[in-house]
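The structure appears below as structure tokens.
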Amino acid sequence: MQTIRLTYPHHLKTEDLPETIAAIGFFDGIHRGHKEVITNAVNKAKAQQMESAVISFHPHPSVVLNNPDKPVQYITTIEEKEVLLEEIGVDRLYLITFNKELSSLSPEAFINHFIIGLHIKHLVAGFDFSFGHKGAGNMQNIQTFTKKNFSVTSIDPVKNENKKVSSTRIRKFLASGDIAKVNELLGRPYETTGVVIEGDKRGRQLGYPTANLNVNEEKLLPTRGVYAVKVNYHNKIYEGMANLGVKPTFKTGDLKPSVEVYIFDFEGNIYGESITVLWYQFIRDEKKFNGLNELVSQLKEDEKTIQKYFS
């Protein structure tokens, strides 16, 4: 898959681009609803022997329109989004920089520049997709702007428990630690990828050597606590337990939460290596212990609980 980053105005020429069928949206999470939209575009492209594309945006519009000083964290980072889209079979990703200039475009100008101008012959979007200044363009009035240059498919919401599958719901479940529900809405385990860095090596002294992850600051993490996880290292899957928090038994103050993972049945030096944590189940809240014996006793209980969960 090819990633093409664009800002307004872009200078690509329509005649130099292949006829394309595209899915458009922010697609944070590439959840089951997003996948329905994207797969529809990919399948149509294959049937008509055209290129398939996803048109997406970065950063999130809220960064530009609401609070530019407040950083936004994403269910899927750009890198994760690229991997997931490639797995679905997308040929190219147009990643458009969302800025004030883009937000002020009229719906007609947006369509002319980013749909007709990119040689899109058919556009697929969720029923609630909107575009142009203040979202004045939507899937109800989009036919007004096509100028017969392209056709449109609107995808109905995908539902879970009679509610729309949405990034907003996934964020709420991440905040409450309901990873099982997050995974249900995603249609896959929630993932966090990071490079293993040196920690304080206290886990090794306790009999629980952990891999401390350096995680992209834009990545949204679940709530603090202990989790049943799996770890993908060099395409081999291991079971393990993760602690997401500030280690209150040893540290005090306003600390940034970190991810550390104890990988079951694993030995080896993986400092500087990239691993992916797949989150499966919230086990318990992070807590402060009265000494090392109490902590080790709890870790043993956590390990048993997680092994039972995976058995």
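FYI, side chains are in, hydrogens and waters are out, and symmetry mates aren't considered; it's all heavy atoms of this structure.
- A cation-pi arrangement is absent between K81 and F57, since the terminal nitrogen or guanidinium carbon is not both under 6.0 Å from the aromatic centre and inside a 45° cone about the axis.
- The existence of a salt bridge linking D178 and K172 is excluded, since no basic side-chain nitrogen approaches an acidic carboxylate oxygen closer than 4.0 Å.
- No path of Ile, Leu, Val, Met, Phe, Trp and Tyr side chains, each step under 4.5 Å between heavy atoms, connects V42 with Y94, placing them in separate hydrophobic clusters.
- Aromatic ring centres of Y262 and F264 lie closer together than 6.0 Å.
- When all heavy atoms of A53 and T20 are compared, the pair lying nearest together is CB-CG2, 3.5 Å.
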- Please step through side-chain contact (heavy atoms from CB on, under 4.5 Å) for the pair H234 and E273, ending with a clear verdict. CA-CA 9 Å; H234 286 182; E273 301 260 21; 3.4 Å; yes
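- In this structure the side chain of E286 reaches within 4.5 angstrom of the side chain of N243, judged on heavy atoms.
- Using modelled atom types, one finds no donor on one side chain facing an acceptor on the other under 3.5 Å when comparing N149 with K121.
- No chain of hydrophobic side-chain contacts below 4.5 Å, direct or via other Ile, Leu, Val, Met, Phe, Trp or Tyr residues, connects I88 to F26.
- V195 and Y233 fall into different hydrophobic clusters, where Ile, Leu, Val, Met, Phe, Trp and Tyr are joined by side-chain heavy atoms under 4.5 Å apart, directly or via other members.
- Annotation: side chain of D28 is in contact with side chain of R171 (closest heavy-atom distance under 4.5 Å).
- At least one side-chain heavy atom of I55 sits less than 4.5 Å from a side-chain heavy atom of I115.
- Between atom NZ of residue K100 and atom CG of residue L65 there is a gap of 7.5 Å, rounded to the nearest 0.5 Å.
- For the residue pair I38 and L85, the shortest heavy atom distance occurs at CD1-CD2, 3.7 Å.
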- V261 and T210: CA distance, side-chain angles, deciding distance, side-chain contact (heavy atoms from CB on, under 4.5 Å) verdict: CA-CA 5 Å; V261 189; T210 58; 5.9 Å; no
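- Smallest separation of non-hydrogen atoms from F282 and G177: CB-O, 3.1 Å.
- The CD atom of Q48 lies 4.0 Å from the CD1 atom of I21; values are rounded to the nearest 0.5 Å.
- Taking the charged nitrogens against the carboxylate oxygens, K181 and E161 do have a contact shorter than 4.0 Å, which makes a salt bridge.
- N141 contributes no side-chain N or O that, together with a main-chain N or O of T144, makes up a donor-acceptor pair within less than 3.5 Å.
- Residues L278 and V231 are not in side-chain contact: their nearest non-hydrogen atoms beyond the backbone lie 4.5 Å or more apart.
- Proximity of E294 to Q298: side-chain heavy atoms (C-beta onward) are nowhere separated by under 4.5 Å.
- Residues V37 and F127 do not share a hydrophobic cluster, clusters being chains of Ile/Leu/Val/Met/Phe/Trp/Tyr side chains in contact below 4.5 Å.
- Between Y227 and Q281, the side chains place no donor N or O within less than 3.5 Å of an acceptor N or O (distance only, hydrogens not considered).
- Here the closest non-hydrogen pair linking A125 and I24 is CB-CG2, 3.7 Å.
- Residues K44 and N40 have side chains that bring a donor and an acceptor to within less than 3.5 angstrom of each other.
- The nearest pair of heavy atoms linking A211 to I275 is CB-CD1, 4.3 Å.
- Side-chain N/O atoms of E198 and N212 include no donor and acceptor closer than 3.5 Å.
- In this structure, N232 contributes its side chain and I237 its backbone to no donor-acceptor pair below 3.5 Å.
- Applying the ring-ring contact (aromatic ring centres under 6.0 Å, His included) rule to H119 yields no partners; only residues at least two apart in sequence or on another chain are considered.
- Heavy atoms from other residues, nucleotides or ligands lying under 6.0 Å from CD of Q49 number 12 at most.
- T39 places a side-chain N or O within donor-acceptor distance of the main-chain N or O of K35, the cut-off being under 3.5 Å.
- Among pairs with a residue in residues 2-17, those fulfilling side-chain hydrogen bond (donor to acceptor under 3.5 Å, both in side chains) read T3-E82, at least two apart in sequence or across chains.
- Look at R284 and D302 and you find a salt bridge, because one of the NZ, NE, NH1 or NH2 atoms lies within 4.0 Å of a carboxylate O, short of that distance.
- Linking Ile, Leu, Val, Met, Phe, Trp and Tyr whenever their side-chain heavy atoms come within less than 4.5 Å leaves V83 and M1 in two separate clusters.
- I197 has its side chain out of reach of Y271: every pair of non-hydrogen atoms, C-beta onward, lies at least 4.5 Å apart.
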- Task: Before giving the answer on side-chain contact (heavy atoms from CB on, under 4.5 Å), spell out for T76 and L84 the whole-Å C-alpha distance, their side-chain angles and the decisive distance to 0.1 Å.
- Result: CA-CA 9 Å; T76 41; L84 291 165; 3.8 Å; yes
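- Annotation: side chain of W279 is in contact with side chain of P222 (closest heavy-atom distance under 4.5 Å).
- Between H122 and T153, the side chains place a donor N or O and an acceptor N or O closer than 3.5 Å (distance only, hydrogens not considered).
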- Message: If you apply the rule side-chain contact (heavy atoms from CB on, under 4.5 Å), what do you find for N138 with F129, and how did you get there?
- Response: CA-CA 6 Å; N138 54 54; F129 175 71; over 6 Å; no
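- Taking the six-membered ring where tryptophan is involved, the planes of F131 and F145 are perpendicular, since the angle between them exceeds 60° and thus also 30°.
- Qualifying ring-ring contact (aromatic ring centres under 6.0 Å, His included) partners for F27, counting only residues two or more places apart in sequence or in other chains: H34.
- A cation-pi arrangement, defined by a distance under 6.0 Å to the six-membered ring centre and an angle within 45 degrees of its axis, is absent between K219 and Y74.
- Between the CD1 atom of I96 and the OG atom of S56 there is a distance of 8.0 Å, given to the nearest 0.5 Å.
- Of all the heavy atoms in G137 and P107, the pair that sits closest is N-CG, 3.5 Å.
- Panel note: side chain E80, backbone T77; a donor-acceptor pair is recorded below 3.5 Å.
- Residue L295 holds its CG atom at 11.0 Å from NZ of K300, rounded to the nearest 0.5 Å.
- Residues F98 and H58 keep their aromatic ring centres 6.0 Å or farther apart.
- Donor-acceptor pairing under 3.5 Å is recorded for the side chains of D91 and S52.
- In this structure, the separation between NE2 on H133 and CG on L102 is 12.0 Å, given to the nearest 0.5 Å.
- The local environment of CD in E36 is sparse, with at most 12 non-hydrogen atoms from other residues, nucleotides or ligands closer than 6.0 Å.
- D285 places none of its side-chain heavy atoms less than 4.5 Å from the side chain of K287.
- Distance check: S167 OG to I30 CD1 gives 9.0 Å after rounding to the nearest 0.5 Å.
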